[in-house]
Amino acid sequence: QVQLVESGGGLVQAGGSLRLACAASRSIFRFNAMGWYRQAPGKLRELVAEISSDDYSTKYADSVKGRFTISRDNARNTVYLQMNSLKPEDTAVYYCNGRRLAGEYWGQGTQVTVSS
């Protein structure tokens with residue numbers, strides 16, 4: 001069983017930055033891809049960013065392109081989400097996700113609140 005633990009959320013003013021971290025209890029190479037999702041109140045959970053384990057290719061939601069960057073540190077089994085130029089509409093609970101053919105794993109989530 002793999003555990004994913006997020007950290008780095010908090011309250012920030014619009015235009016500010018935060019860096020989220022997702023620490024895995026085992027090697028992140030066991031996942032085909034690692035990603036960040038978010039869920040705002042009353043909305044469905046949506047993919048924010050994802051990074052593959054084979055070629056490190058990335059993909060982003062249109063709403064965060066140019067502002068957010070996903071990266072990984074394989075030695076630390078950690079995936080990061082650097083969030084710049086934050087907007088109030090980025091307010092949500094952010095979840096770390098590890099995807100494998102056999103299924104997927106989720107962290108417990110970390111709250112990000114952006115004030116206007």
Nearest heavy-atom pair of [X] and [Y]: which atoms, and what distance?
X	Y	result
Leu20	Gly9	CD2-N, 3.5 Å
Gly109	Val93	CA-CG1, 3.9 Å
Ala40	Thr91	CB-O, 3.7 Å
Glu104	Arg99	CB-CA, 4.1 Å
Leu86	Leu18	CD1-N, 3.9 Å
Ala92	Gln111	O-NE2, 3.4 Å

Ring geometry between Tyr94 and Phe68 (parallel below 30°, tilted from 30 to 60°, perpendicular above 60°):
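Plane angle between 30° and 60°, so tilted.
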
Between atom [atom1] of [X] and atom [atom2] of [Y], what is the distance when rounded to the nearest 0.5 Å?
X	Y	atom1	atom2	value
Ser116	Gln13	OG	CD	9.5 Å
Trp36	Leu81	CH2	CG	6.5 Å
Asn77	Ser27	CG	OG	5.0 Å
Cys96	Tyr80	SG	OH	11.5 Å
Met34	Asn97	CE	CG	7.0 Å

[Y] reachable from [X] in the ILVMFWY side-chain graph, under 4.5 Å edges:
X	Y	value
Met83	Val12	yes
Leu47	Ile51	no
Val112	Leu4	yes
Val2	Ile28	yes

Does Gln39 have more than 12 heavy atoms from other residues, nucleotides or ligands lying within 6.0 Å of its CD?
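Above 12, so yes.
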
For the side chain of Glu6 and the backbone of Gln108, is there at least one donor-acceptor N/O pair under 3.5 Å apart?
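Between the backbone of Gln108 and the side chain of Glu6 there is a qualifying donor-acceptor contact (under 3.5 Å).
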
Validation: residues 56-64 side-chain donor-acceptor distances under 3.5 Å, sequence neighbours left out:
residue	atom	partner	partner atom	Å
Tyr56	OH	Asn74	ND2	2.7
Ser57	OG	Ser52	OG	3.2
Ser57	OG	Asp55	OD1	2.9
Tyr60	OH	Ile70	N	2.9
Asp62	OD1	Lys65	NZ	3.1
Ser63	OG	Arg38	NH2	3.3

Report the residues that fulfil side-chain contact (heavy atoms from CB on, under 4.5 Å) with Arg100, sequence neighbours left out, ordered by chain and then residue number.
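side-chain contact (heavy atoms from CB on, under 4.5 Å) check on Arg100 returns Arg30, Phe31, Asn32, Tyr105.
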
Results of salt bridge (charged side-chain N to carboxylate O under 4.0 Å, His left out) for Arg67 - residues two or more places apart only
Asp90

